[in-house]
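Atoms within a ligand are numbered from 1 in the order they appear, just like the ligands themselves.
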Amino acid sequence: MKILILHGPNLNLLGTREPDVYGSTTLDEINARLIELGKSMEAEVKCRQSNHEGILIDALHEARTWADGVVFNPGGYTHASIVLRDAISAIAIPVVEVHLSNVYARESFRHGSMISAVCAGKVVGFGWKSYALGLRGLIDIIQA
Ligand code: DQA
């Protein structure tokens, strides 16, 4: 089984970016933990991050050719991007939406998600562990 972990804009700054909101774990540390977690469940995990919408779309399209599913944190694009929603709809593999913070306990503009309706599931508010929970859930969906 092969899984893409896809991180959107500003998540490259994790560790130093608003640590009170997003925690002090860096993106490299999160990725290393997810690769290990994947191994323990016989899944090969590849991680990518981009600050650019088009590159995220390309990564989703490419994932269609090699991955069984995607764990996706689109960052701020979550609340605005119709094109990312369309990309998720266009690929025939399950995508799980994750957010480190509890977006519902934050500003109202973060309460809406363009992509939730086209995702297989969603995890919010558990810090970096949102990714781990999302990965477990995604593997469960793929195995079912
Ligand atoms: C985020 C939540 C978004 O509202 C924000 O724009 C981010 C990070 C999260 O993981 O909590 O960049 O997706």
For this session: May I ask you to check whether Asn51 and Gln49 show a side-chain donor-acceptor distance below 3.5 Å?
Result: yes
For this session: Starting from the C-alpha separation in whole Å, work towards a yes-or-no answer on salt bridge (Lys or Arg N to Asp or Glu O under 4.0 Å) for Arg48 and Glu62.
Result: CA-CA 12 Å; Arg48 289 191 66 182; Glu62 282 163 25; 3.4 Å; yes
Below 3.5 Å, can you tabulate the donor-acceptor pairs from side chains in residues 66-74 to any protein atom, sequence neighbours excluded?
from	atom 1	to	atom 2	distance (Å)
Asp68	OD2	Lys2	N	2.7
Asn73	OD1	Gly75	N	3.0
Asn73	ND2	Tyr131	OH	3.1

For ligand 1, output the ligand-protein N/O contacts shorter than 3.5 angstrom; if there are none, return none.
from	atom 1	to	atom 2	distance (Å)
ligand 1	4 (O)	His79	NE2	2.7
ligand 1	4 (O)	Arg110	NH1	2.9
ligand 1	6 (O)	Gly76	N	3.1
ligand 1	6 (O)	Arg110	NH1	3.1
ligand 1	10 (O)	Asn73	ND2	2.9
ligand 1	10 (O)	Leu100	N	2.8
ligand 1	11 (O)	Leu100	N	3.3
ligand 1	11 (O)	Ser101	N	2.9
ligand 1	11 (O)	Ser101	OG	2.6
ligand 1	12 (O)	Arg17	NH1	3.2
ligand 1	12 (O)	Arg17	NH2	3.1
ligand 1	13 (O)	Asn73	OD1	2.8
ligand 1	13 (O)	His99	ND1	2.8

For this session: Please answer: with hydrophobic residues joined when any side-chain heavy atoms are less than 4.5 Å apart, are Ile3 and Met41 in the same cluster?
Result: yes
For this session: Please list all pairs passing the salt bridge (Lys or Arg N to Asp or Glu O under 4.0 Å) test where one or both residues lie in residues 120-138, with sequence neighbours left out.
Result: Glu97-Lys122
Exercise. Who passes side-chain contact (heavy atoms from CB on, under 4.5 Å) against Glu42, sequence neighbours left out?
Worked result: none
